[in-house]
Protein chains: 2
Amino acid sequence: MSTESKSSSRERLIEAAGEVFSEVGFKAATVREITSRAGMNLAAVNYYFRDKEELYSAVLMHAQRCAIEASWVSESSGAPEIRLRDFIEGMLRHLLDPLRPAWHSRLMAREMTAPTRMLRGLLDGGFRPKVELLGGILRELADGRLTDEEIDRASASIVSQCVFYRQNRPVILHLYPDLLGDEDHIGKLADHITAFSLGGLEQLKKSSPVRLPVALL
Amino acid sequence: MSTESKSSSRERLIEAAGEVFSEVGFKAATVREITSRAGMNLAAVNYYFRDKEELYSAVLMHAQRCAIEASWVSESSGAPEIRLRDFIEGMLRHLLDPLRPAWHSRLMAREMTAPTRMLRGLLDGGFRPKVELLGGILRELADGRLTDEEIDRASASIVSQCVFYRQNRPVILHLYPDLLGDEDHIGKLADHITAFSLGGLEQLKKSSPVRLPVALL
DNA sequence: AAATGTTTCAAACGTTTGTTTGATTTTAAT
DNA sequence: ATTAAAATCAAACAAACGTTTGAAACATTT
C-alpha cells in the first residue's frame with residue numbers, strides 16, 4: 001500500500017480514537033470500539049502504534065498541532081478593547097464552533113479536569129502563549145493601575161467564562177436553556193463576556209491599592 | 001452486628017468509593033480498589049449494594065445530601081452587594097475548602113463535565129435553588145435595567161469564575177501558580193470575583209438596551 | 001513472473017474486570 | 001447455651017480487556 005494511504009490509515013485511526021477518547025476518557029475507551037469506528041481490524045492499533053497509550057499520545061499531539069495551526073490568537077491591532085474582544089471571540093469559536101471537529105476541544109477539556117502526564121506539555125505548547133497574549137492586552141487596559149497578581153486574577157476570570165461553556169455544556173443546556181440556542185450565539189456570548197470583563201477591569205482599577213509610579217520609589 | 005456498625009460498613013464503603021470515583025471516574029474505578037481502601041472484602045460491594053452502579057448512585061446521593069445540609073447559601077440580608085459577596089465566598093468555600101472531603105465537589109465537577117444519567121436529578125435537587133438565589137440577587141443589583149437573558153449571562157459568568165478553580169485546579173497551579181498559594185486565598189478570591197462581577201454588572205447596565213418601565217407600555 | 005516488503009485479518013493469549021457462590025465467622029435473640 | 005440471622009471471607013466464574021501471533025492478502029521492486 002502506498003505511503004499516503006498508509007498515513008491515511010494512521011489518520012483514520014487517530015480520528016476515530018480522538019472521538020472515543022474525548023467521549024469516555026482513556027481508560028474507558030476500548031481498542032475494539034476505536035478500530036471498529038475506523039473500520040479497521042482490532043490489531044491495527046498495535047500495528048501502527050506500540051500500544052493504546054502511544055495512540056492516546058498521538059491523538060493529543062494531533063489535537064495540539066491543529067490547535068496551533070488554526071490559531072485563534074488574533075494578530076489584530078488597534079485599541080486594546082478591540083483586541084480583547086477579538087481574543088475572546090477567537091477563543092469561544094475555537095472552543096464551541098460546531099464546524100471544528102468536536103473532539104479536539106472536548107479532549108482538551110477532559111485533559112484539564114482529569115489530567116494525564118501529558119498535560120504539562122499541552123499547556124506549555126499550546127495554551128500558555130495565548131494566556132500570555134491575554135496578559136499583555138490586560139496590562140495595556142490596566143494602564144499601570146493593577147498589580148501582576150490582579151492581572152493574573154482578571155485573566156483567570158476571563159478564561160474561566162470562556163471554558164465554562166465548553167466544560168459544562170450539559171449543565172448550561174439544563175440550567176440556562178436559552179443561552180446556547182439561536183444562531184450566532186457565539187457572537188452574543190463574546191459581546192457579553194467582553195463587556196462584563198471590561199467592566200470588571202474598571203472596578204478592579206477603582207478598588208486596587210494605589211501603586212506609586214516607579215520613578216517615586 | 002449492631003445496626004449502627006452495619007450502617008458504618010455501608011458508609012465506609014461509600015466514603016472509599018467516593019474517593020476512587022472522584023479520582024478516576026466510574027468506569028476506571030475498580031471494585032477491588034474501593035473495597036481495599038475501605039478495608040473490606042471484595043464481595044462487600046455486591047453484598048451492601050446490588051452492583052457497582054448502585055454503589056455509584058448511592059455515592060452521588062450521599063454527596064448531594066451533604067451539599068444540601070451544609071448549604072452554603074447564605075441567608076444573609078442587607079445590601080445586595082454584601083449578599084453577592086457572601087454567595088460567592090460560600091460557593092468558593094464549598095468548592096475549595098480543604099476541610100471538606102475533597103471528593104464531594106470533585107465528583108460533582110466530574111459529573112458536570114462528563115455527565116451520567118444522574119446529572120439531571122443532581123442539578124434540580126442541589127444546584128438550581130442556588131442559581132435561582134443568585135438570580136434574585138442579580139435582579140436587585142440590576143435595578144430593572146437588565147433583561148432576563150442578561151441576568152442569566154451574568155449569573156453564568158459568576159458561577160463560571162467559581163467552578164473554574166475547582167474544575168481546572170491542575171491547570172491553574174501550572175499557569176497561575178501564585179493564585180492558590182497562601183492562607184486565606186479563598187477570601188482573596190472571593191474579593192476579586194465579587195469586585196470583578198460587580199464591575200461587570202455595571203458595564204452591562206450601561207450598554208444594555210434601555211427597557212421601558214412597564215407602566216409606560 | 002518472482003521475490004520482497006507492507007498491510008490486514010481471524011484467532012488466541014494472559015490479565016483484569018464485576019459478580020456469584022458456599023463455607024465460615026460474628027452478632028442477636030431465645 | 002442454642003439457634004437463627006447477618007456479615008465476612010477465600011475462591012472461582014464468565015465476560016471484557018489489551019496485546020501477540022502467524023498466516024493470508026496486497027503492493028512494490030527486481
Side-chain angles (χ1 to χ4, degrees), chain A residues 1-62 103 107 110-111 114 116-118, chain B residues 1-62 103 107 110-111 114 116-118:
Chain A
M1 210 174 230
S2 72
T3 56
E4 107 192 20
S5 67
K6 165 182 178 176
S7 70
S8 130
S9 283
R10 261 184 68 109
E11 283 165 20
R12 281 218 326 277
L13 215 43
I14 287 183
E15 206 66 30
E19 289 181 19
V20 180
F21 283 139
S22 80
E23 285 167 11
V24 300
F26 175 79
K27 183 74 185 297
T30 71
V31 174
R32 284 169 172 85
E33 170 71 19
I34 291 171
T35 52
S36 164
R37 281 205 209 182
M40 312 180 79
N41 183 270
L42 168 64
V45 163
N46 303 94
Y47 178 76
Y48 287 101
F49 305 89
R50 182 151 32 85
D51 53 18
K52 182 184 169 187
E53 191 157 353
E54 192 184 291
L55 170 61
Y56 182 73
S57 165
V59 166
L60 274 185
M61 287 195 229
H62 174 69
W103 67 264
L107 190 66
R110 202 172 257 284
E111 188 69 24
T116 69
R117 75 184 69 156
M118 312 201 59
Chain B
M1 206 177 235
S2 72
T3 56
E4 109 191 20
S5 68
K6 164 184 178 176
S7 68
S8 131
S9 282
R10 259 184 69 108
E11 284 166 20
R12 281 217 327 277
L13 216 43
I14 288 183
E15 206 66 30
E19 289 182 18
V20 180
F21 282 139
S22 80
E23 284 167 11
V24 300
F26 175 79
K27 185 73 185 298
T30 71
V31 175
R32 282 169 175 83
E33 170 71 19
I34 291 171
T35 52
S36 164
R37 280 204 209 183
M40 312 181 77
N41 185 271
L42 167 64
V45 162
N46 304 93
Y47 178 76
Y48 286 102
F49 305 89
R50 183 154 32 84
D51 54 17
K52 183 185 168 187
E53 191 156 355
E54 191 184 292
L55 170 61
Y56 183 73
S57 164
V59 165
L60 274 185
M61 287 195 227
H62 173 70
W103 66 265
L107 190 66
R110 205 172 254 285
E111 188 70 24
T116 69
R117 74 186 68 156
M118 311 201 61

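Every chain is numbered from 1, with letters handed out A, B, ... down the list of sequences.
Phosphate proximity of D/dA10 to B/Asn41: present, with a side-chain N or O under 4.0 Å from OP1 or OP2. Between B/Thr30 and C/dT16 there is no side-chain N or O to OP1 or OP2 distance below 4.0 Å. Listed pair A/Tyr48 / C/dT8 meets the phosphate criterion, a side-chain N or O lying under 4.0 Å from OP1 or OP2. Contact annotation: B/Thr35 side-chain N/O to D/dT8 OP1/OP2 distance is not under 4.0 Å.
Below 30°, between 30° and 60°, or above 60°: for A/Phe21 and A/Phe26 the angle between ring planes is below 30°, a parallel geometry.
Rounded to an integer number of Å, the gap from CG of A/Leu42 to P of C/dA10 is 10 Å. Remark: P of C/dT27 and OH of B/Tyr47 are 13 Å apart, rounded to the nearest angstrom. Going from atom CZ of B/Arg12 over to atom C1' of D/dT8 covers 11 Å, rounded to whole Å. Protein atom CZ of A/Phe49 is 12 Å distant from nucleotide atom P of C/dT8, rounded to whole Å. Atoms CD (B/Glu54) and P (C/dG18) sit 16 Å apart, rounded to a whole Å. Between B/Glu33 atom CD and C/dT16 atom P there is a gap of 14 Å when expressed in whole angstrom units. Protein atom CG of B/Asn46 is 18 Å distant from nucleotide atom P of D/dA12, rounded to whole Å. Taking atom CG of A/Leu55 as the reference point, atom C1' of D/dT19 lies 14 Å away to the nearest angstrom.
Residue order along DNA chain C, read from the 5' end via each residue's closest nucleotide, puts A/Met40 first among A/Lys27 and A/Met40.
Salt bridge A/Arg37/A/Glu23: present, at least one basic N to carboxylate O contact under 4.0 Å. The pair B/Arg117-B/Glu53 counts as a salt bridge, with a side-chain nitrogen and a carboxylate oxygen less than 4.0 angstrom apart.
Of the candidate nucleotides C/dT7, C/dA10, D/dA12, C/dA10 has the atom nearest to the side chain of A/Ala43. Ranking C/dT19, D/dT20, C/dT17 by closeness to the B/Asp51 side chain, first place goes to C/dT19.
Here the straight-line distance linking atom NZ of B/Lys27 with atom NZ of B/Lys52 works out to 7.5 Å at 0.5 Å rounding.
Residue-level contact check: A/Ala28 touches neither bases nor backbone, having no heavy atom under 4.0 Å from any strand.
In this structure, B/Thr35 and B/Val45 approach most closely via the heavy-atom pair CG2-CG2, 3.7 Å.
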